[in-house]
Amino acid sequence: MRSPNLVKMVSGNFVGVVLLVEIIVVMMSGCRFEANGLSMDYYFRSCPILDPIMKNTVFRALQADPTLAAGLVRMHFHDCFVEGCDGSVLIDSTNDNTAEKDSPANLSLRGYEVIDAAKEQLERMCPGVVSCADILAMAARDAVIWAGGPMYEIPKGRKDGRRSRIEDTINLPAPTLNASGLITIFGKHGFTVEELVALSGAHTLGVASCVNFKKRLNDVDQNMDADFAKTLSKTCSSGDNAQQPFDATRNSFDNLYFNTLQRKAGVLTSDQTLFADSRTSGVVNGFALNQAMFFLSFQRAMLKMGALDVKDAPNGEVRKNCHKIN
Ligand code: HEM
Ligand SMILES: *[C@@H]1O[C@H](CO)[C@@H](O)[C@H](O)[C@H]1NC(C)=O
Ligand SMILES: *[C@@H]1O[C@H](CO)[C@@H](O)[C@H](O)[C@H]1NC(C)=O
């Protein structure tokens with residue numbers, strides 16, 4: 001007796017039920033909305049295969065060249081700190097515009113081909129849907145996971161910007177900065193001292209070129225371990241482009257970077273200053289002691305960095321080709 005009634009009610013109000021389900025779905029996703037209009041399930045309907053495509057592309061590329069993990073993480077940072085996370089770092093220069101990527105600060109930005117490979121597949125599966133800025137943010141996340149770092153989900157929905165100018169890269173922090181300078185520039189973007197140290201922990205991956213630290217060798221102070229100074233000198237004897245890993249495990253995302261700073265074997269001035277300055281040294285010691293704490297802080301800070309000055313639809317687009325505006 002009660003089931004036919006229910007059936008009648010349900011079929012009679014089919015539209016109503018669908019509406020109700022829609023409302024519940026919207027409410028549930030609403031709970032997961034993050035700042036700046038980004039959301040975890042942004043492509044849930046428009047490109048459900050996004051996540052497997054990203055992971056597959058990034059993991060494959062890193063299997064062939066593990067050093068690209070560092071390249072992808074750094075590229076996302078450079079994207080977000082210049083004009084917001086809008087894929088502007090990916091744009092090529094044209095006859096009448098010199099783009100961000102041609103700045104000296106771009107030196108050794110690597111992994112463009114991984115972004116291109118992901119974009120190509122995504123354009124086949126869900127044409128015109130996934131922004132280059134989101135692809136870069138996801139690639140950085142997957143690179144961290146692949147290298148053994150924290151596994152975390154990121155909100156999506158960034159639109160691609162239409163501006164990429166070499167002069168804007170002046171906003172990137174210089175490797176010669178001391179803690180005061182770093183705290184100021186990261187503070188301008190809304191980051192706390194702890195977040196500055198956590199994000200600097202990305203230097204657990206990758207290398208720096210001699211040109212970025214050789215001046216430190218002119219007058220080695222008590223901020224650098226004497227044996228490490230010899231190591232750096234040896235590296236630089238091969239020229240400005242010779243590379244020095246930030247820590248002993250350049251392809252592993254771990255907390256060894258912080259232990260390295262404690263040993264006064266940080267590569268850049270901007271690295272070692274974090275241990276030398278009393279405002280940041282406590283955080284360095286904490287992360288050196290407790291990797292889980294570093295991972296948690298890092299993933300939180302990356303979510304924040306990934307939401308910097310994100311563009312919405314009127315101010316951005318979904319680029320068809322990550323190298324140029326539509
Ligand atoms: C705190 C201020 C920072 C400064 C001054 C700085 C500066 C630098 C410099 C000079 C290099 C070496 C580039 C070269 O010589 O080729 C480098 C590499 C790198 N940076 Fe930073 N960086 C900072 C923060 C960050 C942040 C926040 C991230 C990411 C979240 C990041 C990720 C990386 C990675 C992964 C590499 C290695 C790149 C590779 O091996 O290809 N850096 N950084
Ligand atoms: C980086 O910038 C230099 C000029 O400073 C340019 O010659 C080089 O091609 C750029 N590298 C990339 C990968 O775009
Ligand atoms: C940090 O660098 C700035 C600019 O180079 C300098 O004025 C300041 O004295 C430095 N601060 C410390 C604590 O060394």
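For ligands, and for the atoms within them, numbers begin at 1 and follow the listed sequence. The residues of the chain are indexed from 1 along the displayed sequence.
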Student: Under 4.0 Å from a heavy atom of F186: give me the atoms of ligand 1 that qualify, with their elements.
Tutor: 1 (C), 2 (C)
Student: Would you say the side-chain atoms of D116 and H323 include a donor-acceptor pair closer than 3.5 Å?
Tutor: yes
Student: Can you tell me if Q299 uses its side chain to pair, donor with acceptor, with the backbone of L296 under 3.5 Å?
Tutor: no
Student: Using heavy-atom distances, let me know which of S278, S180, A276 sits nearest atom 13 (C) of ligand 3.
Tutor: S180
Student: Set out, in order, the CA-CA distance, both residues' side-chain angles and the distance that settles salt bridge (Lys or Arg N to Asp or Glu O under 4.0 Å) for E195 and K304, then state yes or no.
Tutor: CA-CA 9 Å; E195 287 164 342; K304 193 160 163 182; 2.9 Å; yes
Student: Are any non-hydrogen side-chain atoms of M138 and D134 less than 4.5 angstrom apart?
Tutor: yes
Student: Only heavy atoms count here, so choose which of A140, A174, S200 is nearest to atom 5 (C) of ligand 1.
Tutor: A174
Student: Counting heavy atoms only, name the option from F253, F298, F77 that's nearest to atom 31 (C) of ligand 1.
Tutor: F77
Student: Considering heavy atoms of the protein only, find what lies nearest to atom 2 (O) of ligand 3 and give residue, atom and distance to 0.1 Å.
Tutor: N178 ND2, 2.3 Å
Student: Select the closest option to atom 14 (C) of ligand 1 among G71, G306, S209, judged by heavy-atom distance.
Tutor: S209
Student: For ligand 1, which atoms sit closer than 4.0 Å to a heavy atom of L182?
Tutor: 1 (C), 2 (C)
Student: Strictly below 4.0 Å, N to O, side chains only: are R263 and D225 in salt-bridge contact?
Tutor: no
Student: From atom 21 (Fe) of ligand 1, work out which of R74, M75, R110, H203 has a heavy atom at the shortest distance.
Tutor: H203
